[in-house]
Amino acid sequence: MALSQRVGICAVAQTTFSPNRWEERVQGLVWDVVKSVKDAVGLGFEEGGIEASITVSDDLFDARTISDNAVTDVVGAHFRGEEKVAADGAQGVYYGVSTILSGHHDVVLLAGHCKESQAASRNQITHLAFDPFFTRPLGLDYLAAAALQAQAYLARSGVTEMQLADLVMRSRHWAARNPVAQEQSRITVEEILSAPMLADPIRASFMYPVSDGAIAMVLASEERARDLCDNPVWITGLGNSHDAFYLGERDLSRAKSLEEAAQRAYRMADIDTPGTAFDVVEIADQYAHQLPLYAEALGLCNDGAAWLREGGPDAQQVNHSGGMLAGNPLMLGGLARVAECVLQLQGKAGGRQVPQAHCAVAQGATGPAGQLQTVVVLENDL
Amino acid sequence: MTTDAFTIAGKMALPYQYFAGATSSRCIVALRDEKKILASRCERSDRTVFPPRQVCDLTFEDLSDNWVEVSDRGTITGFTIIRYAEPYQPMAPPYVLALIRLDGSDATLTHIVHSEDIETVAIGQRVNAVFAETPVNNILAIRHFCCVPTDSDSP
Amino acid sequence: MSTSKRKHRNVGIIGCGMSVFSSHREEVNQPEMIHEAVAEALADAGITLADVDCVVHGNMELFEMVHQPDMWHSLGSGVVGKSGLRLTTGGTTGMTLACAADNLVASGLHDVVLAIGFEKLQEGHTTGGISNMADPLWGRKLQAGALTGTTAQAMIDEFGKERACDAAMKLRIIMDEHAALNDKAHRSFGLERRYIKELTENSPPLVGELRMIHMCSQSDGACAVIFAAPHKIKEWNANPAWVVDHETVHREENVVFTGTKSTHRVASERLFARNGITNPREQLDVFEMYDPSAWWGLDWLREFLLLEGDEHLKMVENDEIGIQGTFPVNPSGGVMASNPIGATALVRVAEAALQVRGTAGRHQVPKEVKRALASGFGGTLWSVLMLLARDEPQGASQ
Amino acid sequence: MTDTPREQELIVSKQILSIEQTFSTGPIMGHFLRELRDNQRIMALRCRANGRFLLPPREVDAWSLSDDLEWIEVGPEGTLCEFDVVYYASPDPLTGATRNVPYVIGWVILDGVEGLSPLWHLIHTTDIPALRHGLRVRAVFAETRTGAMEDIVHFEVLNTGETGP
């Protein structure tokens, strides 16, 4: 079913992403980006201003029950509404759109944060996503799950380690043109392939780096969006879907829940030919192998290995932000993808700008080996 | 950069007690005491699943009394070699973590595979369960799966 | 915020389910306990899992130390192959889930949304988990969960010790009497009104005059509520409680008990103004309040109902809040009877919906219920209200 | 397979789950904690937009949404405005250790603070029944200070006979 009206993203702000923002609490990181988007649309939280806040964060990453309570003050929620989406930030966009389409709000602030550097390791957190009797005792965590997924995908697709290395170099190339990106320095094939193997076939260089940061956006109803900025970016399609929990009950060589999420979003956005529909594609590649795997599930190609060989990522303008391989914290992977699409569609992407971009797709993933997938389709007015 | 900021080492630590529930307990006790692998069978989705479950996650059929004993032998359908270290891991890396489809069913579980040479582990490798010698109240009641020669033991 | 909103389309609650509430659920794991509530909600609505489009899930991670638990819980929630969202806001989580489900259906994104609130408090340390909400650098060493005696002390200062303590215990006894009528209630002690003073004096103090007996239970449990669009309600000939409106009012990170209006009063003022409620005790028929303790329940009556002076004490003293009274509060027994925290606020919505639909069984209030109010509480004195009605609201744009 | 639930063994797994953390103070809390540690001074932030005091100090005043804030030294003496006598022994989630009871938590309006912006801390007293609103108290600093709230060990009740405003 098509959306009853369009919801516009009027402003986005991102901190620079960094492996260790030790000098700021999350409150400071979030306030930076909230202030920026609030000023960009010229609104405060008074009557007629931003009506409600939606936050994205996670209690375990923050080591804090009710992690959103830490940012109540800086998201303007004193005596106002705030609701936390505890999943990848693209899910925050999904929920934010519903609060506007429902008629409940016209202007909503979305603000996400995550400091992966705070905990001893990310694996110790994601290990706790597994059930206490059948999977935790085996030492599973999201990295191990991703390695099983990578092995399955490489076996089916024939994507090679060299192709993964190319993707890492490509990420660095674009990240160098993205002022907020974390991993901007050049890296050689030798350096990539000599990085320690973490869990075959995932080397340290194929995994998104530890990252801290925050992102904020202002979402508005179609009518209000036009008042708040000259070139709002419209959300025209949304979809998400869950796969099964136990890894043995999924075909890890495919991303079924992403296929379903994409179908839902494309139906809404009236997109029949995803292979040619998008000028900008942003994929949450937490691991290098996920870029071709998810490209297949998004319908950008049928054969990920051939797609890589034939320059698919460049032809379809995938991850000009640098992607997650360049560094975004787990909770913000999809939200950073949406943010990049907005910047591209507003013509604000500087040295990585896709010329005459009109239609974009962003993807985000939550859970072990992308159990929950989210797809957002965005368009500008041309 | 000069800043008044600094960092403080701390921890998040609390006691927890998890309950397996009646269905999973039955399975764990069977692994531990009888060295039997009990899986759940859902006729409606035509699946045999391990870990077992009280209801089928796809059809909501009640599976709490729909047990099938499955083979303790199987085939590796996917694997990774864990080479990074974390305190919660069951053994010191490197070790093989694999998806194992048990013979005669579509039940595919995740477990550790022991091999003399872990670098040679591959998809299609035949394995069998080695049960723990002392009682363990979770999936490690199967200590690990062990590689067996393919030709001597076809499914 | 006080401007009248036009809902895109109406949303009705057509099914409610609750697991057994208890402090001992050793026989089920987390997804299995969730499934109990989901299965009951589907049966109550007369639909199957295939009819559900989207599942909204919430609880607090540190209570059970499970990261992104909606992943594992997909074994019992039915979300596989469907849309899913996870929202959590603390004690208000269940109410946030209800607001989210309402938004997701009203928006047109989904026709049928299943909201699931959950907590298995027996698996963690509740007070320790709550204390983790304080900032690690300044409050965490001091915080004792959600326990405070300041409200009790303020009421003693305002109304005198005997009257305040008796009113708090009277409210506690009424809730216990209600719980005895609710098969799902975790606990009902059979407290007797003639021992009102002894019950107070003999209960061990937790913090100041807040005593063990005043405090909510600590429960394992899950609640599931199904929200549906009008065409589905018609198609299924369902019995809906319509969602009229909701209002969320949070408060700053630092807890200060004085100096501002309460969030409860502000939430009521906004919700009532938008919906033409000038005399809540006349215009609302039943109230399911998130009452974490007898003292807070007593004090908050005044806030939610926009009362002044000692009117709220009189409501208790005169039995107005009893199930047979003129303004029944928590015919379910409320939070002192059952408190699986991530589910608790959703239980308030479910109980209000049961009353509106006339399906509350032994704890159905013996009068016509046209409008019901439900509240959620959490965070640093956060408040969320939801208004439900028997008649379909007018004015939705679709 | 005919076991009744009563006869069946139900498996439980008990554990303490712990993850090491590195908490950042940020520049605002960092300044506050450094002043406690280095100078035994309690520094509040005052919001220039509305005059409200923030204690502990925070990045933004939640009421005015302003970050135009100035440092003002307050205390170390103050007036007790609210208190809780805690009898319930709960675990300290930072260490897992159980706390000793009873103890008293107080909300203290420090001298120099305008308005209702109390600091929340432990109150040391040997006479709990004598506690009342308006008592004068004073911060007691630790001998060895690390840059933490515990650099103030507690507030002690002053025997001045005086009660504050």
Side-chain angles (χ1 to χ4, degrees), chain A residues 20-25 28 59-60 62-65 117-128 130-141 143-153 155 196-204 207 242 244-253, chain B residues 1 3-7 10-12 16-21 24-25 27-28 47 49-53 57-58 77-91 93-102 106-112 118-119 121 123 136-141 144:
Chain A
N20 188 355
R21 291 294 301 269
W22 66 270
E23 78 288 358
E24 281 289 359
R25 313 199 288 167
D59 287 7
L60 265 165
D62 285 15
R64 181 164 180 157
T65 298
S117 67
Q118 183 178 297
S121 92
R122 299 176 291 187
N123 299 334
Q124 292 186 21
I125 293 169
T126 65
H127 168 62
L128 295 172
F130 289 88
D131 85 279
F133 293 94
F134 291 101
T135 43
R136 267 193 210 179
L138 301 170
L140 272 160
D141 52 34
L143 171 54
L148 291 168
Q149 180 194 46
Q151 188 277 339
Y153 177 65
M197 189 66 87
L198 299 174
D200 302 36
I202 295 179
R203 294 184 181 277
M207 181 184 187
H242 258 268
F245 173 67
Y246 288 119
L247 301 171
E249 286 156 35
R250 295 191 221 167
D251 178 355
L252 287 174
S253 76
Chain B
M1 183 174 67
T3 172
D4 279 335
F6 59 99
T7 62
K11 76 180 164 182
M12 171 172 63
Y16 292 88
Q17 55 177 359
Y18 294 110
F19 296 98
S24 295
S25 291
C27 167
I28 291 166
R47 300 189 305 161
V49 289
F50 187 96
R53 62 211 64 176
D57 44 331
L58 304 182
T77 59
F79 71 98
T80 180
I81 303 172
I82 301 292
R83 301 178 194 268
Y84 62 97
E86 290 287 359
Y88 49 77
Q89 290 169 343
M91 58 196 286
Y95 60 88
V96 175
L97 187 71
L99 296 167
I100 299 158
R101 193 177 58 234
L102 298 172
D106 44 5
T108 304
L109 80 160
T110 312
H111 216 299
I112 310 297
I118 58 170
E119 305 295 338
V121 168
I123 288 176
V136 179
N137 279 335
N138 60 45
I139 187 64
L140 292 174
H144 55 241

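Quick note on labels: first sequence line is chain A, next is B, and so on, each numbered from 1.
With a 4.5 Å cut-off on side-chain heavy atoms, B:Pro90 and B:Leu140 count as touching. When side chains are defined from C-beta on, B:Asp57 counts as touching B:Arg47, because their heavy atoms get closer than 4.5 Å. B:Thr110 places a side-chain heavy atom less than 4.5 Å from the side chain of A:Leu140.
Interface remark: B:Asp4 contributes no atoms to any contact with chain A (heavy atom separation under 4.5 Å). Heavy atoms of B:Ile123 lying under 4.5 Å from chain A belong exclusively to its side chain. Contacts of A:Ala63 with chain B are made by both backbone and side-chain atoms, with heavy-atom separations under 4.5 Å. For a residue to count as touching a neighbouring chain, one of its non-hydrogen atoms must lie under 4.5 Å from one of that chain's; by this rule B:Ile100 does not touch chain A. With a 4.5 angstrom heavy-atom cutoff, A:Leu252 touches chain B only via side-chain atoms.
No other option in A:Ala144, A:Ala204, A:Gly28, A:Ser253 has as many heavy-atom pairs under 4.5 Å with chain B as A:Ala144. Ranked by heavy-atom pairs under 4.5 Å with chain A, the list B:Pro51, B:Gly78, B:Ala5 is led by B:Pro51. Annotation: maximal heavy-atom pairing with chain B below 4.5 Å, among A:Met197, A:Gln149, A:Glu24, A:His127, occurs at A:His127. Interface check for chain A: of the options B:Gln89, B:Met91, B:Glu86, the most heavy-atom pairs under 4.5 Å are formed by B:Glu86. Ranked by heavy-atom pairs under 4.5 Å with chain B, the list A:Asp141, A:Ile202, A:Thr135 is led by A:Asp141.
Of the listed residues (B:Ile82, B:Thr80, B:Ile81), just one forms a side chain to side chain contact (heavy atoms under 4.5 Å, CB included) with B:Val96, and that residue is B:Ile81.
Here the straight-line distance linking atom OH of B:Tyr18 with atom CZ of A:Arg136 works out to 4.0 Å at 0.5 Å rounding.
Look at B:Arg101 and A:Glu249 and you find no salt bridge, because none of the NZ, NE, NH1 or NH2 atoms lies under 4.0 Å from a carboxylate O.
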> Is there a ring-ring contact (aromatic ring centres under 6.0 Å, His included) between B:Phe50 and A:Phe134 once you walk through the steps?
Replying inline: CA-CA 9 Å; B:Phe50 187 96; A:Phe134 291 101; 5.8 Å; yes

